[in-house]
Amino acid sequence: MSFLNTTEVAFGLDISDRNLRMIQLEKKSKKIKVQLYSEVKLPPDCIISGEIKQPKVFLDSLNKMIKTKVGRGKLSDEVISVLPEEKTFFKIINMPLVSDEEIIDKIKEVLPQDIPVDFNDVYMDYQIMEKTDKGLVVLVGISPKNIIESYVDILAKANLIPTVLEIESAPISRLLLEQATNQTPQIIIDIGAQRTGLFLHDKTIKFTVSLPISGNNITKHIVDTLEMKWDEAEKAKIVCGLDKTKCHGALLEIFSDVINELNTRITKAINFYYYNFPDSKKIERIVLCGGGANFIDIAPVLESKLKIPVVVSNPWEIIENPNTSFFNDQRSQSFITALGLGLRGLRPDTFL
Ligand SMILES: Nc1ncnc2c1ncn2[C@@H]1O[C@H](COP(=O)(O)OP(=O)(O)OP(=O)(O)O)[C@@H](O)[C@H]1O
Ligand SMILES: [Mg+2]
């Protein structure tokens, strides 16, 4: 007996201010594997706060990323990519029960009550998250037209067609929250080099905030306080972490400031949720991801402050770990967005 075994592939491209990261996933039977991957650094000032300032440099980097990809198989020309978090906005809105045709008009009526928006200048997308007798809960995403068009244009110059452009919280939650865990009210914190995003998830993403903490910010603090060179400071941060046997004195003081700030901001986000969402439930865990989640002992130290279980994410729960030296712990955390974008291509029916 033979079974027809179809292989699907999906190409995810993560664009941040300083890095391009790509992954092509393949799905064979039920297994999802990494087929192709690549990472290229972007020069400073090429993208600033999500805006492509140097299109030629960006295109050269994009082509370099494609050229230096590792693995086997042909790269798909259809890509799933991200919109810059700083330039996108999304909100959950409650509205009365209206027909599908009336939803857009209703959003246009309800949304401006909270935020000023000129619907001529933005693209809007929405998803019904809940439908009850009383009404609808709708997730609305908005991004400026000029930003979206600049991304689409430049990808086209590299012969890529963006089929979906997502906000970063969507691919991260998709990758990290499987069916078994996505019903738990929880917070995901993506600690990156430039910025840290907090996403509160309870069945869906309820809200996101950015925190004034980042990997670079911690390193800069060490540079300024201890008059170290950048590379030395970066090394000290990675080697010592929050391990008291390795990290003493001034370094420990810098790190404890960071932890206190994180603790305050997370507590603030939880309280905001409890006070502003009438159906809020107890936050049961915090998941750390992004390069900064590798900070030694960050999870137990935060847990002891917050009194909520804190775990470091496992990027390889849904996708098979390629177990190559490239995907060490640090790289794996840095690739969560690209991996989650790829997953979207294999599950086109899911929004989050
Ligand atoms: N073991 C470690 N301990 C502490 N920090 C670490 C460790 N490994 C990586 N980092 C930090 O993680 C950061 C990089 O994270 P990541 O790759 O997720 O950022 P990014 O996605 O490139 O940037 P962003 O999301 O801000 O645009 C750097 O600041 C780096 O110093
Ligand atoms: Mg990142």
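Atoms within a ligand are numbered from 1 in the order they appear, just like the ligands themselves. This structure is a prediction, so every number in the text was calculated from the model and none was measured. For the single chain, residues carry numbers from 1 onward in sequence order.
Atom CG of Asp77 is surrounded by more than 12 heavy atoms from other residues, nucleotides or ligands within 6.0 Å. Under a cut-off of 6.0 angstrom, the local environment of NZ in Lys145 is crowded, with over 12 non-hydrogen atoms contributed by other residues, nucleotides or ligands. A 6.0 Å sphere centred on CD1 of Ile104 holds no more than 12 heavy atoms belonging to other residues, nucleotides or ligands.
No side-chain donor-acceptor contact under 3.5 Å links Ser214 and Asn216. A side-chain donor-acceptor contact under 3.5 Å links Asn260 and Lys305.
For atom 4 (C) of ligand 1, the closest non-hydrogen atom of the protein is Phe295 CD1, 3.2 Å. Looking only at protein heavy atoms, the nearest one to atom 19 (O) of ligand 1 is Ala193 N, 3.0 Å. In terms of protein heavy-atom proximity, atom 26 (O) of ligand 1 is closest to Gln194 N, 2.6 Å. For atom 31 (O) of ligand 1, the closest heavy atom belonging to the protein is Glu234 OE2, 2.3 Å. From the protein, the heavy atom lying nearest to atom 5 (N) of ligand 1 is Lys237 CE, 3.6 Å. Gly192 CA, 3.8 Å is the protein heavy atom nearest to atom 25 (O) of ligand 1. Residue, atom and distance of the protein heavy atom nearest to atom 27 (O) of ligand 1 are Ser16 CB, 3.4 Å. Of all protein heavy atoms, the one closest to atom 17 (O) of ligand 1 is Ser334 OG, 2.5 Å.
A side-chain contact (heavy atoms from CB on, under 4.5 Å) with Ile189 is found for exactly one of Val287, Ile298, Thr196, Ile172, namely Thr196.
Considering backbone and side-chain N/O of Thr219, none are found under 3.5 Å from N/O of ligand 1. For ligand 1, one of its N or O atoms has an N or O atom of Gly291 under 3.5 Å away. Of the polar atoms of Asp190, none of the N or O atoms is found under 3.5 Å from an N or O of ligand 1, judged by distance alone.
Judged by distance alone, the side chain of Lys131 and the main-chain N or O of Ile128 form no donor-acceptor pair under 3.5 Å. Under the 3.5 Å distance criterion, the side-chain polar atoms of Arg195 are left unmatched by any main-chain donor or acceptor of Ile213.
Interatomic distance, CG of Leu306 versus CD1 of Ile308, reported as 5.5 Å (0.5 Å rounding). In this structure, the separation between CG on Leu175 and CD1 on Ile319 is 5.0 Å, given to the nearest 0.5 Å.
Per-residue contacts place Gly290 under 4.0 angstrom from the following atoms of ligand 1 (heavy atoms of the residue considered): 18 (O).
In this structure, Gln333 falls outside the shell of residues with a heavy atom less than 4.0 angstrom from ligand 1. Residue contacts with ligand 1 do not include Gly241, since none of its heavy atoms lies under 4.0 Å from the ligand.
Nearest-residue assignment for atom 20 (P) of ligand 1 (options Arg195, Arg21, Arg18; heavy-atom criterion): Arg21. When the options Ile336, Val239, Ile238 are ranked by their closest heavy atom to atom 2 (C) of ligand 1, first place goes to Ile238.
Ring centroid separation for the pair Tyr37 and Phe335 does not come in under the 6.0 Å cut-off.
Contact annotation for Asn19 and ligand 1: only side-chain heavy atoms (C-beta onward) come within less than 4.0 Å of the ligand.
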